[in-house]
Every structure is written in structure tokens, then in C-alpha cells.
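Have a look at the structure below before the remarks.
Atoms within each ligand, like the ligands themselves, are counted from 1 in listed order.
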Amino acid sequence: MSRALSPAQIVRSGLCIGCGSCASGTGARMEWDPYRQLKPTGPATHRRSEEFARLCPFSPSAENEDAIAAARFLDAPHLDARLGRHISCHVGAVAEPPFRERGSSGGMVSWVAAELMRRGNIDGVLHVHPGAPGQPFFGYRISRTEEELLAGARSRYHPIHLADVLEEVRATPGRYAVVGIPCFIKAVHLARAQDPLLAERITHMLGLFCGHMKSARFVESFAWQLGADHDRVRAVEYRLKDANRPANWYTAHLTLDDGSTVQNEWFHLADGDWGAGYLQNSACNFCDDVVAETADVSFGDAWVEPYSSDGRGTNVVVVRAPLIQRLIDEGVAQGRLDLKEVDADFVADTQAAGFRQRREGLAYRLTWARRGLRPVKRVAPQAGGIGWRRKLVYRTRAAISRGSHRMARLASVTGRSQVYVGWARRAYAVYEGLTYHRGRLAPLFDRIERMRGSR
Ligand SMILES: Cc1cc2nc3c(=O)[nH]c(=O)nc-3n(C[C@H](O)[C@H](O)[C@H](O)COP(=O)(O)OP(=O)(O)OC[C@H]3O[C@@H](n4cnc5c(N)ncnc54)[C@H](O)[C@@H]3O)c2cc1C
């Protein structure tokens, strides 16, 4: 029997990712918190129950990724500590237009979803779309045609929740696939375990590799730094695609209410280094799944050369379900996919920073004192064997994540964007010096390193 918990306890403990599975059909609502993250609210969120304790993907009592994958992928021949159970791994992209051009990376997510729909395996896909005017920038919707599916392509590093689409699935018979980051896919598995209707109808899980989830203030930050009025922003592209520029040179692009646009590369932004963790959801500090280990197939970016320099975008793909394997094998044989089989090490190397943060970094973070619920992870708490500089990187990253929410809120409330942008630049000087041995503080850290080394 699991200990009874409430959504409010998970929120208070900084473990709520905002997936909304606890707000679906329970009377709770998903609302924006002061840091522009989605959280369940309402009297229902104070009710403790064992059901909720088994439903929430960050609950210490929920089944973990290993157990979920073991039950779902019984026959997957490979087991890897980083990628989980799997049948095969690939690198490449979709050859059949227009998936690669329309996708963030190689277009594989939209292709697999479209192919499942074309073959009659599913009736609809739960995935993330740009919002209609007057609504939040992005939200989960159900696509039932290829055109709708492609309209929702591209990566949205923006809070979104599943509460409404899960309700729609309950209300509308059919078979569905869901696209989600690892914790959302886990949340859907846990919801299916408690709800036979969801179990029957959500039949396929397409996972996205994940670094972390950002708050909605990231869009405000883009507006501040691109010289635009946030209230006039009507559309957001986190990664404007340009085949002539390296894929890992992300460009933020905003469309304003008069149709004009502003854009700049992330590396010119004060908070544009993904690894520094600006505006990261605090639950991501307690995640140990980089590659959506419970998904039937997972997709990421091939962040190794020569692929990261190829502006057309290139996927890495981890296949776990036999049906998806068949579909990919046929796609390759027909020349519709341009994929090459690779091994688990190749895929893990494309996410080296993510694995450091979710293995060594997580082990270290689990040793820190904290208030609220203690997360239970597949990684054991461990501070030994980590050098002082790495420890300081993890401490600085956590401080940046925490501080950035507060400073961005202050900047937003006071209307003084420099409060955030100036702080973000100063914080980055510390992070950059520690991590990359670069910038004005690097000589100081390097000197300390030499002194400690010579002792
Ligand atoms: C928050 C986040 C963090 C990520 N971190 C990493 C990382 O560290 N390393 C890495 O290699 N890849 C990461 N990815 C995945 C990467 O950005 C691409 O989505 C992936 O490579 C698939 O590209 P594609 O061209 O095949 O997808 P596309 O064909 O462009 O399709 C993308 C699909 O994902 C859906 N989608 C977009 N945003 C979300 C969302 N927030 N939640 C659920 N579904 C969504 C879209 O609706 C669409 O169906 C991340 C994605 C997200 C959303």
C-alpha cells in the first residue's frame, strides 16, 4: 500500500511538473502560478489519497520507469542503464517531404505519428499546438489529420498540460497516440493503470528526449531581450529552422500583433545557455529519465558532429515497440526514411550533458537537505567522488534555476526587464567560468583548481 499524498504536497515540495494528470476529471484546475508555471489548484488538490500517490509521476510512491518499461517492453532485447529497454537505435531524418522541413529536428515524431494514423492504428494524436489568439501560446490538442499534425510540429519549451485532452479521450471513443516529454509519458502510463478507458484508448506513446521544462517567462525574456512588448507577442518559435545554419544554433523568433517579427540567436541571450538551467521547473532537478524510457519510441536531436552542424535537423531514435520497429524498417526500405542503425553509446553521447545532470548531478542533489517530500529515484544519493568544481557547477545551476524564477517575476511585476537580464548575465559569468573555463571569472576558478591540485 502506498502512503496517501495530495497534489498540494507535491506542489509544496517543488516536485510538480504541471502535467495535469491529477487535474483531469477530479475537479482540480490547472492554473498559472506566480512564476508562470502550471500547477493544479482548487480544494480537490488538498485531498490526500493513495490513488494520487500512485498517479503523480514525481510521487515517491509511483511505479518507476524500470517497472513500467519492464511490463510494457517484455521482449525488447537490449537493456541499457541510460536508454532503458529497447529494440534498436537510429540516427537520421525523414526523407519524405515535408516532415523534416516542418519539424524541429529530423521530423521523425510527426512522421511516425502520421504513419500510425495512415495505417489506421490510431484515430488521433495528443500533442502540442500553438494556441488560438487570446489563449496561452501553446497547449495540448488532439490532431486527427496529417495537416493538423504538421501544424503542431516543432518543439515548444513552454508549460502545457494534459488535463483537458485526457478528458477528451475519455469522452470520445477511438485509439490515440500521445507525444510527450518523459515525465508526461510516465504520467499517462500511471493514469492508464488507474483508468481502464484511458488504458484502452491511449495505445501508443511517442516520447521526446528532455533536458528540462521551462516556465512561460522564457517567452517574456525573449521579448525583453529582442526589444519587443510581451503583450504584443502573438506567436513564438523557440527554434527557427534555417537549413543554412548549424542546427544547434537555436534562434528565438517572435511574431507581434502587427505581423512584424523579431529574432535573435540563443547564444546572444543572457539566459540562452540551455545547460545553465534558467527558468527550469524545479521538478526537473529530480528527474532520472533523459530519453523517455517508457515510450514505445523516443526521439531526440543528434547533438554530435557532423549532425549538429546540419541545419536541416537530424534525429536520434530509440525504438522499443515491435510495431514501431516494423513501421521504421518499412519506411527505410521504401526510401521514405533516411536512417542508419547505431548503438546505445552513440545515442547516449548525443545527450552527454543531460546524462551528467541526471546521473552524477542527481546523485549529488539527492544529498542536499530539502523541505517537503523526499523524492525516490533510481539513482542513489551520492556526494563522494565528485570534484569540487563539478559540485559547484551543480550548485550554481540549481541557484540559477531558483533565482531566475524570482528575478524574472520581479522584472515582470516592476516592468524593469533589466532586473532579470542584468542578473542573468552576472549569474552566467559564474556558470561560464566554472563550466567552460571561460569569461572573466575563469582565471579565479582555474587558480583555485591549481591550488587545490597542488595540495
Ligand atoms: C521541453 C523539451 C525539452 C527537450 N530536450 C531535449 C534534449 O535535451 N535533447 C534532445 O535531443 N531533444 C530534446 N527535446 C526534443 C527535441 O526538441 C525534438 O522535439 C525532437 O528531437 C523531435 O524532433 P522532430 O523534428 O522529430 O519532431 P517534430 O516533427 O517537430 O514534432 C515534434 C512533436 O512534439 C510535440 N511537442 C512539442 N513540444 C512539446 C511539449 N512540450 N510536450 C509534448 N509534445 C510536444 C509537437 O506537437 C510535435 O508533435 C526536447 C523537447 C522538449 C519539448
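- Of all the atoms in ligand 1, the ones that sit under 4.0 Å from a non-hydrogen atom of Val179 are 34 (O), 35 (C), 43 (C), 44 (N).
- Summarising the contacts of atom 27 (O) of ligand 1 with Val109, Ile185, Leu126, Val125, the nearest heavy atom is found in Val109.
- Remark: Arg395 qualifies as a cation-pi partner of Trp368 under the 6.0 Å distance and 45° angle criteria applied to the six-membered ring.
- Between Trp111 and Phe299, the distance separating the two ring centers is not shorter than 6.0 angstrom.
- Residue nearest to atom 1 (C) of ligand 1, selected from Phe138, Tyr157, Phe299, Trp303: Tyr157 (by heavy-atom distance).
- Side chains of Arg154 and Lys241 form a contact here, defined as non-hydrogen atoms less than 4.5 Å apart.
- With a heavy-atom cut-off of 4.0 Å, Asn315 touches ligand 1 through its side chain alone.
- Here the side chains of Phe184 and Ile17 are in contact, with some heavy-atom distance below 4.5 Å.
- Heavy atoms of Arg239 approach ligand 1 to within less than 4.0 angstrom.
- The closest approach between any non-hydrogen atom of Gly180 and ligand 1 is below 4.0 Å.
- Look at Gly313 and you'll find every heavy atom at least 4.0 Å from all atoms of ligand 1.
- Counting heavy atoms only, Ser110 comes closest to atom 29 (O) of ligand 1 of the residues Ser110, Gly152, Ser105.
- In this structure, Tyr140 has a heavy atom closer than 4.0 Å to ligand 1.
- Under the 4.5 Å side-chain criterion, counting only non-hydrogen atoms from C-beta, Tyr250 is not in contact with Phe267.
- The part of Arg154 lying near ligand 1 is the backbone, judged by heavy-atom distances below 4.0 Å.
- Under 4.0 angstrom from ligand 1, the non-hydrogen atoms of Leu208 all belong to its side chain.
- The existence of a salt bridge linking Asp301 and Arg239 is confirmed by a sub-4.0 Å separation between a basic side-chain nitrogen and an acidic carboxylate oxygen.
- Of the candidates Tyr238, Phe209, Tyr250, Phe209 brings a heavy atom nearest to atom 13 (C) of ligand 1.
- The option from Asp301, Val94, Val112, Val316 that lies nearest to atom 12 (N) of ligand 1, judged by heavy atoms, is Asp301.
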Check: Would Tyr431 and Arg397 satisfy side-chain hydrogen bond (donor to acceptor under 3.5 Å, both in side chains), going step by step from the backbone distance to the final call?
Finding: CA-CA 7 Å; Tyr431 182 80; Arg397 193 176 282 156; 2.8 Å; yes

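- A salt bridge links Arg119 to Glu115: at least one charged side-chain nitrogen sits closer than 4.0 Å to a carboxylate oxygen.
- Between Arg100 and ligand 1 there is no heavy-atom distance shorter than 4.0 Å.
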